[in-house]
Amino acid sequence: MKIDLTQLKTELETCAVASNLTELQIIDKLKTYYFNKEVTENLKLYKKRKKKVSEITKDLKISPRKFYAILEKKNVQHTKYNKSENKTT
């Protein structure tokens, strides 16, 4: 395990030198890349109705609002629920 981490660290440092970025910037880019990759996989399952929103948000560790914002950004059809109905009492 320690050998793998040292190899990863050296690869990260060489990549940082080659791209003129810091190690943290490279890690942030990798994080967004793999997050987007996971989102697209879950969107495919959502479109096929094999996975629910609650399962997806639990897997991605995001809020449902953020997931619905991603759906709107990617132009995916979904139902909107209006919690604030006009109630006359």
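Model, not experiment: these values are computed from the prediction.
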- With a cutoff of under 4.5 Å between side-chain heavy atoms, which Ile, Leu, Val, Met, Phe, Trp and Tyr residues group with Leu8? none
- Query: Which side-chain hydrogen bond (donor to acceptor under 3.5 Å, both in side chains) pairs, counting each pair once, include a residue from residues 44-58, with sequence neighbours left out?
  - Reply: Asn42-Lys51, Lys51-Asp59
- Message: Hydrophobic cluster membership, with links at side-chain heavy-atom distances under 4.5 Å among I/L/V/M/F/W/Y: are Phe35 and Val53 in one?
- Response: yes
- Residue pairs, two or more places apart or on separate chains, that pass side-chain hydrogen bond (donor to acceptor under 3.5 Å, both in side chains) and touch residues 7-18: none
- Would you mind listing the cluster partners of Val17? Hydrophobic ones only (ILVMFWY), side-chain contacts under 4.5 Å, chaining allowed. none
Quick one: side chains of residues 23-33, donor-acceptor pairs under 3.5 Å with protein atoms, not counting sequence neighbours, listed by atom name and distance.
from  : atom 1 : to    : atom 2 : distance (Å)
Gln25 : OE1    : Thr22 : N      : 3.0
Thr32 : OG1    : Asp28 : O      : 3.3
Thr32 : OG1    : Lys29 : O      : 2.9

Can you give me every donor-acceptor pair (side chain of residues 61-72, partner residue at least two apart or in another chain, under 3.5 Å) with its distance?
from  : atom 1 : to    : atom 2 : distance (Å)
Ser63 : OG     : Lys66 : N      : 3.3

